[in-house]
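First comes the structure, then the notes that go with it.
Note that the structure is a prediction, hence the values are computed from the model and not measured.
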Amino acid sequence: MIRLLSLALVALSIVVSPLSAQSVPTPREYFGFDMGEDRKLANWDQLTAYYEILASGSPRISMESLGPTEIGQPFVMLTITSPENHERLEELHEIQMKLSDPRTVSGEDELDRLFDMGKTVVMITHGIHATEVGGSQSAARLAHIMTSSNDEKILEILDNVILLQIPSLNPDGLQWVANWYNEHVGTEFEAAPLPWLYQFYTGHDNNRDWYAFTQNETIHTVAAQNHWHPQIVHDIHQMGGNGARIFFPPYIEPWEPNIDPALTAAVSQLGTYMAAELTSQGKKGVVVNAQYDAFTPARAYMHYHGGARILSETASARLASPTTVSPDRLGPGRNFDASKRSWNFPNPWEGGAWGLPDIVDYQTSGALALLTNAAKNRRYWLENFYGVNKRAVDKWDQWPDAWIIPAEQDNQTGVKYALRSLVMADVEVHRAETSFAIQGMQFPAGSYVIPMKQPYAGFANSMLEIQHYPDLREYPGGPPQRPYDVTAHTFGYLFDFEAVAIDGDLGVTLSEAIDAPDFDFVLPDHLSGSDVPRIAMYKSWQEPMPAGWQRWVFDEYQMPYDTLHDADIRGGGLSDYDVLIFQAQDAGSIRSGFREGQLPLQYTGGLGDVGVAAVEAFVQNGGRVIAIEAATDFVVDLFDLDVSNATRGLSNSDFYIPGSILRLELDASSEINEGMSNEMSSWYWRSSMAYEVNDPRIRVAARYGSGDPLLSGWVLGGERIAGKPAILEADIGEGSVVLFGFQPNYRAQTVATWPLLFNAIRK
């Protein structure tokens with residue numbers, strides 16, 4: 001079951017000491033090295049101990065645990081502000097809550113008082129991607145500066161800002177990466193990749209979880225944001241090392257259309273201010289209006305909650321090891337050229353040495369620039385925040401009056417998953433106390449109603465409406481401009497339920513706002529009876545993120561399965577299982593894995609010839625292999641199936657689906673489609689496939705929709721896959737194989753297509 005943790009903040013230690021700010025130790029005094037020193041990384045155990053010392057030694061900081069991480073470590077937040085503000089924190093929180101909901105403000109006099117007395121609330125988050133090691137180290141440097149410095153600028157920040165610092169959004173990954181790096185620094189494996197996902201389930205996808213709220217770390221962070229509703233959230237990341245040295249907004253197009261235009265302007269001015277500050281300090285390679293868009297809410301929760309999301313991306317090195325970048329490796333990026341001066345890249349970096357000291361320096365300078373702006377423009381940030389929320393309460397013209405999710409729908413799992421996300425995002429959801437009719441439609445009592453005159457209606461509208469992503473090109477008539485992530489997120493299609501936009505007075509009495517529903521996922525009978533198949537998931541040392549997401553879904557269903565590494569399969573481990581699942585992993589990676597010398601020997605080699613032969617024998621002797629997306633190439637080659645990818649070799653100008661929801665047509669005769677309707681939605685993205693089949697052994701279980709298959713998002717050349725096979729099955733010897741061309745478990749969000757995968761898991 002999804003962990004619906006309490007949204008209350010659990011105090012680990014909240015220490016306000018009478019000691020002077022200067023009584024806290026420097027990082028060098030505590031760790032024995034400076035934060036950002038080459039080839040030195042502090043792990044999570046060391047960092048949390050340091051934050052406890054800061055909290056016990058400075059009246060400017062308190063520390064609280066928001067709950068456990070996915071593997072049970074403390075997930076902490078630091079609150080940093082002046083001692084005077086700490087003493088009246090409850091009053092300042094009440095002011096912030098009133099500004100977050102204009103319905104609670106009694107008039108202009110009270111509003112002026114709130115603007116006069118309130119503080120800018122800023123959240124800074126570090127290190128969600130654990131191999132981007134600078135963020136966790138710069139967090140400690142920033143915390144020390146804020147708790148020890150008596151510089152006039154720092155004191156101004158402390159007086160005018162409440163800083164909520166989450167020093168690691170991924171403590172588990174930080175601990176693993178730091179320990180792995182420190183174990184191998186100075187050896188042939190220095191800066192070698194971690195041979196498992198650095199977030200237990202999601203790997204790098206943990207920053208794509210800001211509307212599904214599946215992971216503990218996401219749940220805790222959203223709870224903290226809901227508790228304070230910060231005006232600004234600064235998310236510190238790293239990027240590739242062959243371009244700019246640091247990115248700040250403005251973002252490139254497109255912006256998701258439900259984001260208030262005043263937030264777009266606020267983000268652009270703040271990001272540009274930060275860039276100007278760093279450039280004025282002589283830092284080269286600062287770019288704005290490049291690389292990153294602001295479309296998917298999966299990466300930007302705060303844009304729908306009155307807050308400006310500032311993403312910064314600093315160039316990486318080799319983890320904590322320095323690197324040298326040749327000038328000829330600097331070149332064109334999205335909306336700028338790293339080798340040329342331009343308005344949004346005014347002072348190019350010419351190449352040369354780059355390392356962790358630079359990364360931490362740039363990140364800390366960026367954070368201090370943001371805090372300076374937040375302090376100097378305190379009243380602007382409060383007024384802008386209130387204005388965004390007031391326009392939502394008054395309702396945008398482009399929004400319907402309400403969304404209705406009819407009661408008594410067949411897929412209650414999908415309905416409750418969506419309701420959970422909406423309520424956890426502070427959206428007010430009610431139930432109709434009687435049946436009612438509007439716009440020629442009849443709705444039963446108990447239907448869920450989301451009035452759109454509320455502060456966070458934009459989140460609801462974004463998640464419930466259909467996306468029409470703009471057709472953006474690199475140049476007129478040219479290839480498509482690649483979205484930074486994906487182009488669709490319509491809950492009704494992802495979760496398989498109906499939601500109806502309504503205009504006009506509903507004329508029905510509504511209940512009080514509901515709480516987030518608590519529920520269990522229910523397995524189909526063939527996976528929950530006494531004769532269930534014995535399931536194995538292949539777990540490579542190059543495990544792809546979809547495999548981690550798949551483990552999460554199985555664990556939520558409490559479905560028994562084992563993970564098998566290469567050595568397990570080579571050693572005959574498949575004899576204990578009926579079904580083997582290969583999630584979306586390249587065939588070469590499955591066969592060969594890491595090359596010898598790249599990692600310690602036990603993590604190299606892949607399945608190898610012995611493991612490949614074991615998989616073949618497993619199927620021939622009665623086992624079933626399920627392969628998804630790229631892994632289907634491995635199965636096709638292994639059994640010499642006459643199957644090809646219909647889109648392979650097509651240019652982006654001819655065919656492009658970067659992450660959209662398509663219509664799927666099912667063959668009712670296939671057991672894979674048991675209990676399903678004839679049509680449904682499916683997720684298609686860059687790694688998905690449509691098949692050409694010329695093999696009499698193969699049966700087609702599903703095809704992409706004929707005509708225009710697009711339901712939500714963006715498709716170029718949809719006719720190239722319309723009507724093409726999407727799910728294949730074949731009997732091989734005594735066993736069978738099932739091939740999914742699309743991802744049935746996209747980021748644990750495609751509840752609609754989970755049943756297809758469950759149905760495929762049969763003896």
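- In Q442, the CD atom is crowded: over 12 heavy atoms of neighbouring residues, nucleotides or ligands sit closer than 6.0 Å.
- Residues Y448 and H430 keep their aromatic ring centres 6.0 Å or farther apart.
- Between H129 and H237, the angle of the ring planes goes over 60°, which puts this pair in the perpendicular group of the 30/60° scheme.
- Side-chain contact, Q96 with Q231: a donor N or O sits under 3.5 Å from an acceptor N or O.
- Between the side chains of N335 and N289, at least one donor-acceptor pair of N or O atoms lies under 3.5 Å.
- Under 3.5 Å, the side chains of S712 and T490 contain a donor-acceptor pair of N or O atoms.
- Considering only residues two or more places apart in sequence or on other chains, H489 meets the ring pair (Phe, Tyr, Trp, His ring centres under 6.0 Å) condition with F295.
- By the neighbour-count criterion of 12 heavy atoms within 6.0 Å, atom CG of D109 is sparsely surrounded, having that number or fewer from other residues, nucleotides or ligands.
- F491 has its ring centre less than 6.0 Å from the ring centre of Y211.
- For N389 and S100, the side-chain atoms include no donor-acceptor pair closer than 3.5 Å.
- With no hydrogens or angles considered, a side-chain donor-acceptor pair links N344 and S342 at under 3.5 Å.
- Across F247, Y292, F345, a single residue satisfies ring-ring contact (aromatic ring centres under 6.0 Å, His included) together with F336, and that is F345.
- Using cut-offs of 30° and 60° for the angle between ring planes, the F75 and H220 rings count as tilted.
- Remark: the W396 side chain and the N258 side chain contain no N/O donor-acceptor pair separated by less than 3.5 Å.
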**Report entry** ring pair (Phe, Tyr, Trp, His ring centres under 6.0 Å) assessment of Y456 paired with Y304
**Finding:** CA-CA 6 Å; Y456 313 120; Y304 305 88; over 10 Å; no
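- Y301 and W210 have their aromatic ring centers separated by at least 6.0 angstrom.
- Aromatic rings of H303 and W255 (six-membered ring for Trp) have centroids within the 6.0 Å cut-off, being under it.
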